[in-house]
S.K.: 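This is the structure I want to talk about, given as structure tokens.
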Amino acid sequence: MVSGQNTKTTHIVVVGSIIVIAILVFGTIWTGQSARKDTAKAVSKVSHLYLDELAGRREKVVENNLNDNIRVMEIALGMIDEKSLINLEHLRAYQQDMKQLFKLERFAFVDEAGSTYTANEGITQNVNLYSFDYKNLSKVEISVRKVSNTEKNVVIAMPLRDRKFFLGGKQLLVCFMEINMDIMLSGVSMKSQSSATFCNIFTRDGYSLSNMVLGGLATEDNLLEALEHAQMEEGYSLDKVLDDF
């Protein structure tokens with residue numbers, strides 16, 4: 001009778017020990033998984049804060065560069081006088097001075113008939129190469145010319161209707177300037193000091209202003225095309241990334 005009692009007690013102790021061990025093992029596994037998830041969330045949060053700061057600083061530099069060039073245009077237009085508008089020759093001389101003074105690719109005017117006045121070419125009919133609407137432009141407009149090429153230019157167009165500038169009886173409606181993209185992005189470092197994080201600026205169509213896609217890791221010239229060939233991690237999809245973009 002005692003022997004049977006001892007056997008039963010031993011059995012209970014063994015089973016109990018197994019249950020306790022199992023609880024400890026599963027508890028340790030659960031705790032480890034939970035800790036890993038918490039760590040992953042913390043790392044993700046810190047990474048997002050870092051990337052926001054990284055992108056925000058570069059965004060500010062580009063914004064300042066654009067605002068500086070808008071001020072340049074205002075200064076240049078403030079330097080125009082009646083002599084500059086006597087004829088085309090005087091206007092071209094004034095434009096050439098502004099190009100050299102402010103290191104511009106182009107400093108041009110568009111009249112009410114759509115003719116473009118430049119320092120080097122004189123009068124041309126190529127306003128259709130630009131995206132701004134010279135007839136209805138009412139505020140400063142910024143765009144990118146030759147966006148799919150490696151040699152891109154930033155175009156800043158400013159309305160002149162209220163300034164009453166006339167040349168040869170025709171009113172000049174728009175003044176615009178072209179700036180080389182490399183000059184516009186001067187001072188904007190596209191990678192962190194560790195070289196592990198890359199930053200870039202893209203158009204709505206996915207073209208990179210720095211001519212580099214995904215830190216140079218992609219062979220495509222367009223981000224959206226590169227994403228079509230990318231392998232997405234679990235929880236992500238092309239549609240999700242495009243929607244965020």
Side-chain angles (χ1 to χ4, degrees), residues 22-70 129-132 139-157 178-245:
I23 291 174
L24 288 174
V25 170
F26 285 115
T28 302
I29 293 174
W30 180 85
T31 302
Q33 291 178 339
S34 179
R36 281 196 294 271
K37 289 180 181 179
D38 291 341
T39 301
K41 289 180 180 179
V43 170
S44 178
K45 185 176 181 179
V46 171
S47 297
H48 278 91
L49 290 173
Y50 171 72
L51 291 174
D52 283 343
E53 175 67 15
L54 182 70
R57 276 185 270 132
R58 283 147 180 77
E59 178 187 5
K60 193 63 179 177
V61 172
V62 174
E63 181 183 4
N64 289 339
N65 287 349
L66 287 171
N67 287 332
D68 286 345
N69 280 284
I70 292 173
L129 298 178
Y130 300 88
S131 62
F132 61 82
K139 61 181 181 180
V140 174
E141 181 176 308
I142 300 169
S143 57
V144 180
R145 185 166 178 245
K146 298 182 290 188
V147 67
S148 60
N149 297 346
T150 55
E151 296 294 328
K152 300 176 179 62
N153 286 338
V154 175
V155 178
I156 302 178
E178 283 191 52
I179 309 141
N180 181 271
M181 185 61 71
D182 290 338
I183 295 176
M184 174 58 64
L185 296 180
S186 61
V188 184
S189 175
M190 289 302 178
K191 63 181 181 179
S192 66
Q193 293 180 349
S194 66
S195 299
T197 305
F198 295 89
C199 184
N200 213 334
I201 304 173
F202 295 92
T203 67
R204 287 181 180 274
D205 298 328
Y207 290 104
S208 165
L209 299 191
S210 68
N211 298 319
M212 182 180 292
V213 176
L214 299 179
L217 300 177
T219 58
E220 296 84 359
D221 297 328
N222 185 287
L223 175 65
L224 304 186
E225 293 178 5
L227 289 175
E228 290 180 358
H229 304 131
Q231 183 176 352
M232 300 291 172
E233 292 183 356
E234 185 178 352
Y236 293 89
S237 66
L238 176 61
D239 290 339
K240 174 71 168 61
V241 176
L242 292 180
D243 184 59
D244 290 340
F245 180 79

S.K.: Which side-chain N or O atoms in residues 223-237 pair as donor and acceptor under 3.5 Å with protein atoms at least two apart or in another chain?
M.R.:
| residue | atom | partner | partner atom | Å |
| --- | --- | --- | --- | --- |
| H229 | ND1 | E220 | OE2 | 2.8 |
| H229 | ND1 | E225 | O | 3.4 |
| S237 | OG | K240 | N | 3.2 |

S.K.: Just to verify, what does F132 make a ring-ring contact (aromatic ring centres under 6.0 Å, His included) with, not counting sequence neighbours?
M.R.: Y130, F176
S.K.: Please identify each residue that fulfils side chain to side chain donor-acceptor pair (under 3.5 Å) with S131, with sequence neighbours left out.
M.R.: S143
S.K.: Supply the atom-to-atom distance M184 CE to I156 CD1, rounded to the nearest 0.5 angstrom.
M.R.: 5.0 Å
S.K.: The criterion is side-chain contact (heavy atoms from CB on, under 4.5 Å); which residues satisfy it with D243, sequence neighbours excluded?
M.R.: none
S.K.: Among residues at least two apart in sequence or on other chains, which ones pass salt bridge (Lys or Arg N to Asp or Glu O under 4.0 Å) with D239?
M.R.: none
S.K.: Quick one: list whatever passes salt bridge (Lys or Arg N to Asp or Glu O under 4.0 Å) with E151, sequence neighbours left out.
M.R.: none
S.K.: Taking only residues two or more places apart in sequence or in another chain, which ones pass side chain to side chain donor-acceptor pair (under 3.5 Å) with N153?
M.R.: E178
S.K.: Any side-chain heavy atom of L209 sitting closer than 4.5 Å to one from V154?
M.R.: no
S.K.: Between CG of N180 and NZ of K152, what distance do you get to the nearest 0.5 Å?
M.R.: 10.5 Å
S.K.: Starting at CD of E59, measure out to CG of N64 and round the result to the nearest 0.5 Å.
M.R.: 10.5 Å
S.K.: Assess whether atom CG of D221 is packed by more than 12 heavy atoms of other residues, nucleotides or ligands within 6.0 Å.
M.R.: no
